[in-house]
Amino acid sequence: MNIQKINFTNSKGQQLVGRLELPINQHPHNFAIFAHCFTCSKNLSAVKNISRELTSNGFGVLRFDFTGLGESDGEFENTNFSGNVEDLISASEYLKQNYAAPTLLVGHSLGGAASIFAASLIESVNAIATIGSPSSPKHVKHLINNSIDEIKTTGKANVNIGGRPFTIKKQFLDDIETKSLPEVAQNLRKALLVMHSPQDRIVGIVNAEEIYVAARHPKSFVSIDGADHLLSKPEDSLYVGNVIANWAKRYISIPKTEAISTSHQAVASLDAEDGFTTQMKIGSHNMLADEPVSFGGNNFGPSPYELVSAGLSACTAMTIQMYAKRKKWYLENVEVHTSHTKVDSQIVENGENKTVKTDTFNREIKLIGNLDDKQKERILTIANKCPVHRTLHSDVQVVTKLV
């Protein structure tokens, strides 16, 4: 994965700061823009996880801070909902001029509402996904309910949102009063995915129903059962990202891509901030590798040794089935279970006994079919001749160079 810091200007000439994430081959099939939640930022863990899942599925993803938030210029107190929509349009223009126009918008909470409004104004967008979004921008008034009278009387008030102080001006309230999300959704005529948790205590599930009912087909709803509003559990945000990536592929054009260079079957890419979570491209397939939580990873994908074990299991199963078919034996199914450990072994070196760690793959094979004992014994012999097994038992060299 390749993450670039980018800057672009909004309609008022202010500089907005974002991160552009590209897939491992740096040639995304489509570009997406992520709109974060009210008073949040591009660096919310859920935003990063969803973006990572989209990137691992071949998307280029631009996540940025709205005006007055995070690293972007401007004062939050001078912003409003309409400004967020304009920021999304500016982000779209940046991608169009420098890469390719976005085809997917993803919005979290109020960012989801802004994405629907922006999508109606961005011709290139074919699909929109909302996550825990309100059915009306006016919904955010409940976050500042205790200060509304002060805002209307004095023109502004200092409020506490999520433990952080913000100044809200009357123009913000006036702006959201003029926005009708159901009307925009009804006339959108673009693919819409509504994702929401029934347990969301910030934006109730009824909001998802109102958005869904107002929109026209093609529209979809997916429940994020058990998740909180901010998708604070990594498994929830990763699930959301994976669902959006696969749903969106039905509504966007994806050119056929060739596998990576025939001289390299696998590529791994790891950024400094990602711990052990590694983007992988194996042939034409994208996936993640990681380490378990006990080892300091996030367990978002198989570990390197699990990948090696998986290769041995797969090769063994393929070899056995190929042999059984050639012999015309009835083998309904073969399961190969493999795990890797390091076992203490005794060796003699310079006349002294030494204990060394020996890499050991424990493999168990389950055969389902009409086979006699002699056939099973023969299959066991064939399993030990699968190509990956033979590679692991032969002299292997790894030739490494910097490029």
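Worth knowing before you read on, the calculation uses all heavy atoms, side chains too, and leaves out hydrogens, waters and symmetry mates.
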### Task
List the steps and the verdict of side chain to side chain donor-acceptor pair (under 3.5 Å) for Thr277 and Arg52.
CA-CA 10 Å; Thr277 305; Arg52 178 183 291 122; 5.2 Å; no
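- Sorted by first then second residue, the side chain to side chain donor-acceptor pair (under 3.5 Å) pairs that include residues 365-375, not counting sequence neighbours, number zero.
- The main-chain N or O of Glu86 is found under 3.5 Å from a side-chain atom of Ser90 such that the two form a donor-acceptor pair.
- Residue pairs satisfying the ring pair (Phe, Tyr, Trp, His ring centres under 6.0 Å) criterion with at least one member in residues 185-225, sequence neighbours excluded, are absent.
- Looking only at distances, no side-chain donor or acceptor of His36 sits under 3.5 Å from a matching main-chain atom of Asn43.
- Nearest heavy-atom pair across Arg378 and Tyr323 is NE-OH, 3.0 Å.
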Could you pull out every donor-acceptor pair under 3.5 Å between side chains of residues 334-341 and any protein atom, sequence neighbours left out?
from: Glu335; atom 1: OE1; to: His337; atom 2: NE2; distance (Å): 2.9
from: Thr338; atom 1: OG1; to: Ser313; atom 2: OG; distance (Å): 2.7
from: His340; atom 1: NE2; to: Asp359; atom 2: OD1; distance (Å): 2.7

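- Scanning all heavy atoms of the two residues, the minimum distance from Ala208 to Val194 falls at CB-CG1, 3.7 Å.
- Counting all heavy atoms, side chain and backbone alike, Ala383 lies closest to Thr316 at CB-CG2, 3.9 Å.
- The list of salt bridge (charged side-chain N to carboxylate O under 4.0 Å, His left out) pairs with a residue in residues 314-333, not counting sequence neighbours, is empty.
- Evaluation of the side-chain contact (heavy atoms from CB on, under 4.5 Å) rule for Ser133 yields Thr130, Ile211 as partners, not counting sequence neighbours.
- Considering Lys5, Lys42, Arg63 as possible partners of Glu21, the one that fulfils the salt bridge (charged side-chain N to carboxylate O under 4.0 Å, His left out) test is Arg63.
- Sorted by first and then second residue, the side chain to side chain donor-acceptor pair (under 3.5 Å) pairs with a member in residues 117-126 form an empty list; sequence neighbours excluded.
- Remark: Pro304 engages Glu291 in a side-chain contact (heavy atoms from CB on, under 4.5 Å) (not counting sequence neighbours).
- Between Phe66 and Phe64, the ring-plane angle classifies as perpendicular under the 30° and 60° cut-offs.
- The main-chain N or O of Glu53 is found under 3.5 Å from a side-chain atom of Ser56 such that the two form a donor-acceptor pair.
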When the side chains of residues 97-104 are checked against the rest of the protein, which donor-acceptor pairs come out under 3.5 Å, sequence neighbours left out?
from: Asn98; atom 1: ND2; to: Tyr94; atom 2: O; distance (Å): 2.8
from: Tyr99; atom 1: OH; to: Gln4; atom 2: OE1; distance (Å): 3.1
from: Thr103; atom 1: OG1; to: Asn30; atom 2: OD1; distance (Å): 2.8

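- Qualifying side-chain contact (heavy atoms from CB on, under 4.5 Å) partners for Gln14, counting only residues two or more places apart in sequence or in other chains: Asn10, Lys12, Thr67, Asp73.
- The number of heavy-atom neighbours closer than 6.0 Å to NZ of Lys96, taken from other residues, nucleotides and ligands shown, is 12 or below.
- Within the structure, side chain to side chain donor-acceptor pair (under 3.5 Å) pairs that include any residue of residues 226-240 comprise Asn49-Ser237, Ser109-His229, Asp200-His229, Asp228-Ser232 (at least two apart or interchain).
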Taking only distance into account, with no hydrogens and no angle test, what donor-acceptor pairs under 3.5 Å do side-chain atoms of residues 394-403 form with protein atoms, sequence neighbours excluded?
from: Ser394; atom 1: OG; to: Arg390; atom 2: O; distance (Å): 3.1
from: Ser394; atom 1: OG; to: Thr391; atom 2: O; distance (Å): 3.0

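- In terms of the side-chain contact (heavy atoms from CB on, under 4.5 Å) criterion, residue partners of Arg216 (sequence neighbours excluded) are, by chain and number, Gln186, Arg189.
- For Lys249, the NZ atom is densely surrounded, since the number of other residues' heavy atoms within 6.0 Å is greater than 12.
- The neighbour count for Met318 CE, taken as heavy atoms of other residues, nucleotides or ligands under 6.0 Å away, does not exceed 12.
- Put simply, the side chain of Ser72 gets close to the backbone of Val17: a donor and an acceptor are under 3.5 Å apart.
- When side chains are defined from C-beta on, Asp290 does not count as touching Asn299, because their heavy atoms never get closer than 4.5 Å.
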